[in-house]
Engineer: 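Take this structure first; my questions come after.
Side chains are part of it too, since the values below use all heavy atoms of this structure and drop only hydrogens, waters and symmetry mates. The residues of the chain are indexed from 1 along the displayed sequence.
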Amino acid sequence: MRVLVVGIVVLLLYSLYLAPISYSKPGWAEVGNWATYRVKINLASVSENITAELVIRVEITSVDNNGFSARGVIVESSVEPEPKAEDLARFIGSIEEGFTEEIYVEYSSTPDTPSFYIDPSMLPPNGVISMEADTTRVEFKYDLETGWLVEGKTIGAIAGKIIVYEMKLVDSNFIGREKSSTRITHTSVLVLATIIAILLFIAVRRKK
């Protein structure tokens, strides 16, 4: 029996040693990590219908223990129907202003205000956040491991115009690249420790 007790204690201590330590800073939060999104914006009214398509690269520019800063860069853009050159420049410029400003995001961000990142522990099992208020409807889907946006759609009405905004992840150097199955989790190690403890118990009983 003493051998069994010692064995269990050793295995449990070993499992705690192997268990991943939880830090406030996620593993993906590194300067230079990036995600690229394809964005489609449709603006429709009785007199006009304009569609803009953009490819935006969001890159992490700084990191601390509470959050990270990120900046977006428009790498491709097009507008249909193509207006005059000055109108096109003005339209793309107004969109670019909203995306390229550096913003700071906390790791503890909640679903109250859907953005391109939400704390994964705050997400529902399907990773989808839906909200509706006044004339605006939002549905965003997030990666359950990193908390980053995978795809989203917003439909709203303002000043007699219907705006449909769609955003979808097309590439990243970290979203979907971290495989939890390659890591030994705390739970799996404890299960293994229990199995080994049972085997030790059986072995001790047989010796008796």
Engineer: Quick check: closest heavy atoms across Gly176 and Asp143, and the distance to 0.1 Å?
Structural biologist: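 What the structure gives for the nearest pair is N-OD2, 4.4 Å.
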Engineer: Given the rule in the ring pair (Phe, Tyr, Trp, His ring centres under 6.0 Å) test, do Tyr37 and Phe116 qualify, once you have shown the distances and angles that lead to the verdict?
Structural biologist: CA-CA 10 Å; Tyr37 295 90; Phe116 63 85; 7.6 Å; no
Engineer: With side chain to side chain contact (heavy atoms under 4.5 Å, CB included) as the test, pick out the partner of Tyr165 among Ile155, Val138, Thr154, Leu43.
Structural biologist: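 Passing option: Thr154.
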Engineer: With rounding to the nearest 0.5 angstrom, report the CD to CD distance, Glu151 to Glu139.
Structural biologist: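 The CD atom of Glu139 is 8.5 Å from CD of Glu151, to the nearest 0.5 Å.
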Engineer: Tell me the closest heavy-atom pair linking Ser45 and Gly160, and the distance in Å.
Structural biologist: CB-O, 3.9 Å
Engineer: Take Ile56 and Val58 through the side chain to side chain contact (heavy atoms under 4.5 Å, CB included) test and state the conclusion after the steps.
Structural biologist: CA-CA 6 Å; Ile56 299 171; Val58 180; 4.2 Å; yes
Engineer: Hey, is CG on Asn126 packed in by over 12 heavy atoms from elsewhere, all under 6.0 Å?
Structural biologist: yes
Engineer: Are Val31 and Ile103 grouped together when hydrophobic residues (ILVMFWY) are joined by side-chain heavy atoms under 4.5 angstrom apart?
Structural biologist: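 Looking at the clustering, Ile103 is in the same group as Val31.
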Engineer: According to a 4.5 Å side-chain heavy-atom criterion applied to Ile, Leu, Val, Met, Phe, Trp and Tyr, with indirect links allowed, do Met122 and Leu149 form part of one hydrophobic cluster?
Structural biologist: yes
Engineer: Is there a path of hydrophobic side-chain contacts, each under 4.5 Å between heavy atoms of I, L, V, M, F, W or Y residues, that connects Ile74 with Ile41?
Structural biologist: yes
Engineer: Answer yes or no: is there a donor N or O on one side and an acceptor on the other, between the side chain of Thr146 and the main chain of Ile175, under 3.5 Å?
Structural biologist: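 The answer is no, because no donor-acceptor pair under 3.5 Å joins these two groups.
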Engineer: Evaluate the side-chain proximity of Met131 to Ile129: yes if any heavy-atom separation is below 4.5 Å, no if none is.
Structural biologist: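 A side-chain contact exists here, since the closest heavy-atom pair is under 4.5 Å.
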Engineer: Does the Asn66 side chain pair with the main chain of Glu106, one donor and one acceptor, at a distance under 3.5 Å?
Structural biologist: no
Engineer: Evaluate Phe140 against Trp148 for ring pair (Phe, Tyr, Trp, His ring centres under 6.0 Å), listing each step before the verdict.
Structural biologist: CA-CA 10 Å; Phe140 283 178; Trp148 275 62; over 10 Å; no
Engineer: Determine whether Asn42 and Thr51 satisfy the following criterion, side chain to side chain donor-acceptor pair (under 3.5 Å), listing intermediate values before the conclusion.
Structural biologist: CA-CA 4 Å; Asn42 181 256; Thr51 299; 2.7 Å; yes
Engineer: Which pair of heavy atoms, one from Ile118 and one from Pro111, lies closest together, and at what distance?
Structural biologist: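 In terms of heavy atoms, the two residues are closest at CD1-CA, 3.6 Å.
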Engineer: Mind checking the CD-OG spacing from Glu102 to Ser62? Nearest 0.5 Å is all I need.
Structural biologist: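 Glu102 CD to Ser62 OG: 5.5 Å, rounded to 0.5 Å.
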Engineer: Between Tyr107 (side chain) and Gly67 (backbone), is there a donor-acceptor pair under 3.5 Å?
Structural biologist: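 Yes, Tyr107 side chain to Gly67 backbone: donor-acceptor pair under 3.5 Å.
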Engineer: Determine whether a donor-acceptor pair (N or O, by modelled atom type, separation under 3.5 Å) exists between the side chain of Asp119 and the backbone of Thr110.
Structural biologist: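 Checking the backbone N and O of Thr110 against the side chain of Asp119, no donor-acceptor pair under 3.5 Å is found.
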Engineer: Hey, what do you get for NZ (Lys40) to CG (Leu54), rounding to the nearest 0.5 Å?
Structural biologist: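 That separation rounds to 12.0 Å.
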Engineer: Give, for atom NZ of Lys141 and atom NZ of Lys168, the distance between the pair rounded to the nearest 0.5 Å.
Structural biologist: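 Interatomic distance, Lys141 NZ to Lys168 NZ, rounded to 0.5 Å: 9.5 Å.
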Engineer: Is any side-chain N of the basic residue among Arg57 and Glu59 closer than 4.0 Å to the acidic one's carboxylate O?
Structural biologist: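 Salt bridge between Arg57 and Glu59, a charged N being under 4.0 Å from a carboxylate O: yes.
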Engineer: Side-chain contact, heavy-atom cut-off 4.5 Å: Pro120 with Leu144?
Structural biologist: no
Engineer: Atom CD1 in Ile50, atom CD1 in Ile163: separation rounded to 0.5 Å?
Structural biologist: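 Going from the CD1 atom of Ile50 to the CD1 atom of Ile163 covers 10.5 Å.
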Engineer: Under a 4.5 Å side-chain heavy-atom rule over Ile, Leu, Val, Met, Phe, Trp and Tyr, are Val39 and Val170 clustered together?
Structural biologist: no
Engineer: Just do the side chain to side chain contact (heavy atoms under 4.5 Å, CB included) check on Ile60 and Glu30 with the steps written out, would you?
Structural biologist: CA-CA 7 Å; Ile60 298 175; Glu30 299 290 342; over 6 Å; no
Engineer: Under a single-linkage definition using a 4.5 Å side-chain heavy-atom cutoff for Ile, Leu, Val, Met, Phe, Trp and Tyr, are Val150 and Val105 assigned to the same hydrophobic cluster?
Structural biologist: no
Engineer: Start with the C-alpha distance between Phe174 and Trp34, add both sets of side-chain angles, then the distance that settles ring pair (Phe, Tyr, Trp, His ring centres under 6.0 Å), and finish with yes or no.
Structural biologist: CA-CA 7 Å; Phe174 69 93; Trp34 54 270; 8.2 Å; no
Engineer: Under 3.5 Å, is there a donor-acceptor pair linking the side chains of Tyr104 and Asp64?
Structural biologist: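 The answer is yes; a qualifying pair exists.
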Engineer: For side chain to side chain donor-acceptor pair (under 3.5 Å), just list the numbers for Glu53 and Ser77, CA-CA rounded to whole Å, side-chain angles, deciding distance to a tenth of an Å, and then say yes or no.
Structural biologist: CA-CA 6 Å; Glu53 292 194 9; Ser77 63; over 6 Å; no
